Undergrad: 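My structure is below; once you've seen it, I'll send some questions.
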Amino acid sequence: MKNWLFLFVIFIGHYSVGLTQDMARDTMHIVEVEIIESRRELLSDTERKITIDTSQMHNYLSTDVSYLLSKTSLVNILNYGGEGAQSSISIRGGGSSHTSVLWNGLPINSLTTGGADLSMVNVRGFDEINVIYGASGSVYGSGTFGGVVELNNLLDFHKKKEFNVNAGYGSFSNQKYGFQARVASGQVTYSGQLFVSKIKNDFKYTDQLELGHPTETLTHNQTEGYGMIHNANFKLGKNYLNVGLWYQVKDNNIPGTMGRGKPVSYQNQIDSTLKIAWGYKRVFNNIKAEYQSGWIRDYMLYTDKDPVTMNYRTYSEIGSYRWLNSINTRFYLNDRFDFDVLFRYNYLIGDVTAYQKKVYEHEGGLSVSGRYLFDHSKINISLSQDLNTETSPPLMFSLGGLHQLLSQHITLRGKFGTHYRRPTFNERYWIPGGNVNLKSEKGYGFEFGADWKKNINASDFVLLKTSFFLTNNEEMILWMPTLSGNSEPQNSSEVMSRGIEVDFHWLKTLGKSDLNFYIRYGFNDSYYNDESDVNYKQNLAYKPKHIIRTNVVYGLKNLDLSLNNSFQSKTEATSGWLMKEVFLTDVICNYRFKSLHLEGQFKVENVFNESYQMVYAYPMPGRNYYIGINYKF
Amino acid sequence: MRKIAKLAFYALIFSLLVVSCTDDEENYGLYGKGVYVLNEGSASGSVSYINTDNDDVTNGIFALNNGVPLGQYPQSMAFSKDYLVIVVTTSNGAGSIEIVDKETMLSVAAFTELSYPREVTIYDNKAYVTNGSGEGVVYVVDLKTLTMNSTSIAVGHGPEKMVVSNDKLYVANSGGWLNDDNTVSVINLNTLTVENTITVKACPKDMVVDADGNVWVNCGGAPDYSNYPNVSYTDAGLSKINTEDNSVTSWPIANPSGTVKNMAVSPDGSTIYFVSDAVYAMEVSSSTLPSAKFIDDTFYGIDVNPDNGDVWVCDQLSYSDPSVVKCYSKEGAFKAEYTVGVSPNSCMFW
């Protein structure tokens, strides 16, 4: 109770000061971009933040975000059977619940599982996708040991009216249909879309886990989905209002696995989500205040039928409601120093069959962040304390800085920060097994990096970004066997991840054409680091040590041609079974028929027909084709 | 010269004796006499072999010889005259029965697409396999012809362990995922029909047969999670079925084991071992439950070596890392520990 009272006093106090200063101070020039930018965006420049190239987003517009990231960034995607199948993300050795996914700043990871199924997130729904590797807990909140994926709908008040209708058809009865609208009037901007997808995913594969390695056809792997995303922003003088809505349903048959006999499964999962977000921003001369709120309803129904009787043997409903609120005030003390004070309050409800009752949690948080700008340097510092009625998250801290060596076009970056992950509702309340005594995972990470950019001429450049990182998790939560014969999550292990990441981008213009060449390489060594454990120094499952992505994009007038390669080294599945390395090549051709307002896409994925798995025993599709068309008016 | 002839004669006699002895010995196959451990695994299970003569452990012997893993969550295995029969449950209704040549460890047949196969018992060169997370059946596999009977025998819910006594197959109906059964089905092995259903304590899971042919049943009880994390178990206990008249004597157990493989019997059938809050040894002639703990620890599985009465227990340390099996003497003294695969659940002795 004392903690809540403390937060309330701080909140009232700091907001009163802000209003007083608004009245007392004169003008201070604050560029619009800073007004629009959130605290999170301002503090992210000392993080390793990679924005996915728009041409690559264009290439994979018809797919989900997991697919895009697996081709263009140094993340590992665990996919359970091809496009549309469940997909989870792993960054820098973290699991799915160690990567926070934000929609315009709103955390959308599942309250119950902690992860985010990225197969539910269409690339076309967003203007910008960022990956922040090893993001600081004090800036981004719970569950950022691996990093953060930002899905942003950008503000653009420039007048426009643009509508798109698109359709596509691909191998394995892959059908996609969509409609998008984007309208802006200078004061109001709206973007919205409707989408429908359907894929049978009945591909052939080599069953590497069956005697004789026969060719099988995957069945029970259909996915159907539909949804819509809307965003509207209003600018009224110094006031900014925004509202957003995201509704989506996905019906996914979970496929059988490799091994003895045919791939048999009777499992199905239906996911639906409704997210509503609204916010308000206001500039009071040298103060910016921002209120953001969101209401999220997630629902999942997992069923499994008895193959003989076809009666349900599992019928599990997993639902949750969240009301998320934050108020941030930024104080611009002078042209070099500003600081933010953020207050959060969230109301969380878990409505899950296995909990046997609805569970409720309140959580709040207070964060204070400051920025100081030198002539060629910058320092960010942030302190954050979350409070929860059921758990006790640790105090979070981060210190980051960057320094530009102008003559050499080099920027040096450094960061030290702490992380935590609040136990998920399933880890706490699932019956049997849920452990209400779990502590938050906690740990620290540091990172050093150098970015070098050389402008060759007005348009051509070479960019090289390098980072070295180290992250540890002192209280890793793992499900463990218990004396009762059940399993229970426990703070049972310490995990260390360390590695290097390199991004190289070369843009070369060749007359009327241009060539973009990207190479990304990541080395990651993630291992158990508790000397008292039997698995001491053993690598974590599904964490490849080497990831390489290369993307070549050639543009000539109305033609864009892309060659994308992705490689990841062999990994261990659980139980020590080895998964072989994966090398995949995609070729994508986009052509614009300008006079007809049409654009066509032809894509060949897995050109060399590689037989592979991303999750043990779940086959992935071989060579496949997709053709799409978009009419713009 | 006579001396040399005498030596040659003795050498010949010795050689004949050696050859004669060797011919009489059983062929213990590729790995030899020892302990075979079934590991449920996580992504895939495995079989480990322990050579108790030199304490060497070879893990993953099915995969080593067949080039493919065993499958997810193998639950039980048993030796027949010619084969090692392994039941693989899986998590998605794609269970199988793997028939492995026990000399070469090569797979010779498999029966697939079983919804939820659990336990196997060999009798008269036939393999009996329980199946079902709810309504249950027993499948019969003829190990001479390697064929499965076209019809199965319907039993209770969630059938688990089977034992044979007096030419009858006793099937523990555990209640499966709903914990809604408390019976043992009795199958006449001549007619392959259920001729009796005996009520015991709730959720029977494991069974043994004692020296008198009586069947002992370890019943886990129906869990009650209404006051979670405090869990109580309704009607848990030990039941003894007198196979002469099917009468039942039961003893309640306050802290039952939630595991499936929690019972074993001494080679002479005079002592049963069961796991609840510890491992207990009980004389079959006793009318009360023992109060003294045989081993003050709980385990995921327990078996007894029929050759010497050693008690072998499976210690499940995690769902992803190698675990251990431990060997205790019949007096309860710790003898040895071996690191095997992930989640070992039972030991077989050859």
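These figures come from a predicted structure and were not determined experimentally.
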Undergrad: Sort by residue number and list every member of residues 524-545 of chain A having a non-hydrogen atom under 4.5 Å from chain B.
TA: A/Val534, A/Asn535, A/Gln538
Undergrad: Between CD of B/Gln316 and CE of A/Met480, what distance do you get to the nearest 0.5 Å?
TA: 9.0 Å
Undergrad: So which of B/Ser46, B/Pro69, B/Ser91 has the biggest tally of heavy-atom pairs under 4.5 Å with chain A?
TA: B/Pro69
Undergrad: Could you tell me which of B/Tyr233, B/Tyr225, B/Tyr300 has the largest number of non-hydrogen atom pairs under 4.5 Å with chain A?
TA: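 Option with the top pair count is B/Tyr225.
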Undergrad: About how many Å separate CG of B/Asn66 and CG of A/Leu211, when rounded to the nearest 0.5 Å?
TA: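 If we round to the nearest 0.5 Å, A/Leu211:CG and B/Asn66:CG are 5.5 Å apart.
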Undergrad: Looking at A/Tyr616 and B/Ser44, would you say the former's side chain and the latter's main chain have a donor-acceptor pair under 3.5 Å?
TA: no
Undergrad: Kindly give the heavy-atom pair with the smallest separation between B/Gly93 and A/Pro307, and that separation in Å.
TA: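 Minimum heavy-atom contact is O-CG, 4.2 Å.
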Undergrad: Which residues from residues 426-433 of chain A are near chain B, with near meaning under 4.5 Å between non-hydrogen atoms?
TA: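 At a heavy-atom separation under 4.5 Å, chain B is reached by A/Trp430, A/Ile431, A/Pro432, A/Gly433.
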Undergrad: Would a 4.5 Å heavy-atom cut-off, applied to side chains only, mark B/Asn92 and A/Gln267 as touching?
TA: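 Yes, their side chains come closer than 4.5 Å.
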Undergrad: Using 0.5 Å steps for rounding, measure from the CH2 atom of B/Trp177 to the CG atom of A/Asp304.
TA: 5.5 Å
Undergrad: Any idea which of B/Val68, B/Leu114, B/Thr112 has the most non-hydrogen atom pairs under 4.5 angstrom with chain A?
TA: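 Top option by heavy-atom pairs under 4.5 Å: B/Val68.
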Undergrad: Salt bridge or not for B/Glu98 and A/Arg260, using N-O below 4.0 Å?
TA: yes
Undergrad: Name the region of A/Ser492, side chain, backbone, both or neither, that has any atom closer than 4.5 Å to a heavy atom of chain B.
TA: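 Contact with chain B: none, neither part.
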Undergrad: For the OG atom of B/Ser318 and the CD atom of A/Gln490, what is their distance to the nearest 0.5 Å?
TA: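 Separation between the atoms: 11.0 Å.
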Undergrad: What is the distance from atom CG of B/Asn131 to atom CG of A/Asp306, rounded to the nearest 0.5 Å?
TA: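 Going from CG on B/Asn131 over to CG on A/Asp306, the span is 8.0 Å.
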Undergrad: About how many Å separate CZ of A/Arg313 and OG of B/Ser133, when rounded to the nearest 0.5 Å?
TA: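 If we round to the nearest 0.5 Å, B/Ser133:OG and A/Arg313:CZ are 4.5 Å apart.
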